[in-house]
Amino acid sequence: MTGFLLRRLGGAVFVLLSLTVVLYAVFYVAPGDVAQIACGPRCSPAQVAQVTAQLRLDDPVYTQYLHFLQGIVAGRDFSTGTGVEHCSAPCLGVSYQSDQQVMRLILTKLPVTGSLVIGAFALWILLGVGTGVLSAWRRGRITERLLTWLTLAGTATPVFVIGLLLIIIFCSTLQWLPSPTYVPFTENPEQWAWGLLLPWVSLALIESAKYARLTRSSMLETLAEDHVRTFRAYGVSERGIIGRHALRGALAPVIALSALDFGTMFGGAVLTESLFGIPGIGRELVHAVKVVDLPVVVGMVLVTGFFVVLANAVADMLYALADRRVVLS
Amino acid sequence: MSEALLVQEAGAAPAAAPASGARQFWRRLRAQRAATVAAAVVLLLFLAALAAPLLAALAGQDPDTYHPGLVDSAAGGVPVGSFGGISADHWFGVEPQTGRDLFARVVYGARVSLGVAVVATVLQVTIGVTVGLAAALGSRLLDQVLSRITDINVALPLMVIALGLLAIVPSSFPRPVLIALVIGGINWAGTSKIVRAQALALKSLDFVSAARLSGRGRWSIARRELLPSLAAPVITYAALLFPVNITVEAALSFLGVGIKPPTPSWGQMLTEADTWYQSAPTYLLLPAGLLFVTVLALTVLGEGVRTALDPRAASRLRIGTGREERQERTKERAS
């Protein structure tokens, strides 16, 4: 087990390192005046020269990259003209357009994205696994057909379409809810929950469809196995078979997939955040893309990649833990 | 749908397609009612996209002409008349503010939405098959390198990377082409994983060994022996990827970093409709509904294709076997 964990960790570190190389190559070695792009269109030549010096863009590419990597691993110093600004590890650089360290910017956005993702996650697991269990239980009946079509519709709907429809229905037509606005939890927990209700529901509706299908198909697979037939022959009730045996078989893939999705979402539920105006990582990224704030874009992509790699590793481990049949090699 | 799930679903399709492939495939696809309806819808959408100029001319409209007389500028630019200004001249109504014909914009938008997804899918499949085959047939080192590259590719969150790339490419580059390239260039890891796994399994089979012993080269074996057997899982995976690509393009355009106006695409229309949902709801429901119908039809069709290519699924669903097949065989014998 320890060997497996170490190897998995080593693989994850390797992928992350490669990711920094790829990202640096794509974004900083691109043709064109990188310093001007990073600094923004309104920068004076003097400012551009300062950025060039800070990012060491006159050095050979590999030294530039090593400085970039050094910032992430050990932190680095930036001269601001008047003094030296220290950017401690993990340093993702400085946004010249908002005059802020990228890592600090991301850290202020993380709780917001976290509020959205954790709430939606709880909802979509409940909804998805519940629907999956129900349709496996009522297999071959009208309930199952109905649920199958509903989940199919769920996988086919983009999250921004369902979100828009929910806003139209609940905020403007029925006027049951105020327009969604984000209020930090620490400020007012009740308003925080009300403001996030629609985003949670839209995200959960879309994501749960996937889980319902996965749960249903793995449960049906288990139900077709011989040992389940034996349980039946021993007189175990249908409810006991579904709840105790079939569900257990379905849990391993569901746990693995949820770890994966959870990590990916943390890197920014870009669409949901943009639609509902939630000031999290995803919305910040879209903003940075629109104004071409290069350091922020690179930093966010890297952080997202970090979450995905982490989620992948965790998913593998959970899968191995949940399903004893998996050979750790 | 997540990559892991797609891989799992497509992986369920068998590697070896039976010899009478195409015909049996059609029969099995037709045996599923939902898939047949979905195929008809998809066909209709593609025809509409191809014939966009023709259809627009038939309606006597074009996507770019402003009709200031058809919007109520005093009320902020809301279309005159009920249901977003639907009339004999403007079948789907007109756009708020500008009064552009929505029917023409929707059919021209279909060209962009479907076209981008087609190019992206073709690119994903081409890269995926090439990388997967090379990893399975090449040296151990090549396999290691390509598999690591695939791992990195999986670690790239599609939306985020696409957003990043769209930020740095100069805006003079044609946008639809760029988006197709970005989606196709990022999201190929699933295909390559499936192809590699299947090709490795096939490699040890007798017919491949026979081909190798007869002195044929690696690429000849790949092309003549492996590719035909890889068709089933690859087609299945591509059919499931296609609607995902449509959604990604719509999402990017919805975020305002994809297709730029005045070129219409459904996602781009949606982002413009975002501010009009209270005063002109039809304007929003049109692209939203079209996206929903298209992606649903394509997903159902994709499922149908998977079932048609997977003999286990087919027998589970009691289609393409039994009575119909016997009848078909009798007919064939009789003729």
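Because the structure is predicted, anything quoted here is derived from the model rather than measured. So you know, we letter chains A, B, ... as the sequences are listed, proteins then strands, and number each from 1.
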A.B. asks: How many angstroms lie between CD in B/Glu303 and OG1 in A/Thr155, if you round to the nearest 0.5 Å?
C.D. replies: 7.5 Å
A.B. asks: Let me have the donor-acceptor pairs involving side chains of residues 34-41 of chain B, under 3.5 Å, with sequence neighbours excluded, atom names and distances please.
C.D. replies:
{"unit_1": "B/Thr36", "atom_1": "OG1", "unit_2": "B/Arg30", "atom_2": "O", "d": "3.3"}
{"unit_1": "B/Thr36", "atom_1": "OG1", "unit_2": "B/Gln32", "atom_2": "O", "d": "2.6"}

A.B. asks: If you count heavy-atom pairs under 4.5 Å with chain B, which of A/Leu152, A/Val297, A/Val22 comes out on top?
C.D. replies: A/Leu152
A.B. asks: How many angstroms lie between atom NZ of A/Lys290 and atom CG of B/Leu255, to the nearest 0.5 angstrom?
C.D. replies: 7.0 Å
A.B. asks: Report, in residue-number order, which members of residues 284-293 of chain B are under 4.5 Å from chain A by heavy-atom distance.
C.D. replies: B/Leu284, B/Leu285, B/Ala288, B/Leu291, B/Phe292
A.B. asks: For A/Ile206, is it the side chain, the backbone, both or neither that has a heavy atom under 4.5 Å from a heavy atom of chain B?
C.D. replies: neither
A.B. asks: Taking it one step at a time, do A/Trp149 and B/Val300 satisfy side chain to side chain contact (heavy atoms under 4.5 Å, CB included)?
C.D. replies: CA-CA 10 Å; A/Trp149 276 100; B/Val300 173; 4.1 Å; yes
A.B. asks: A/Leu16, A/Leu23, A/Val301: which one forms the most heavy-atom pairs within less than 4.5 Å of chain B?
C.D. replies: A/Val301
A.B. asks: Answer with side chain, backbone, both or neither: which region of A/Leu165 has an atom nearer than 4.5 Å to a non-hydrogen atom of chain B?
C.D. replies: side chain
A.B. asks: Check whether any side-chain heavy atom of B/Phe254 sits under 4.5 Å from a side-chain heavy atom of A/Leu164, and report yes or no.
C.D. replies: yes
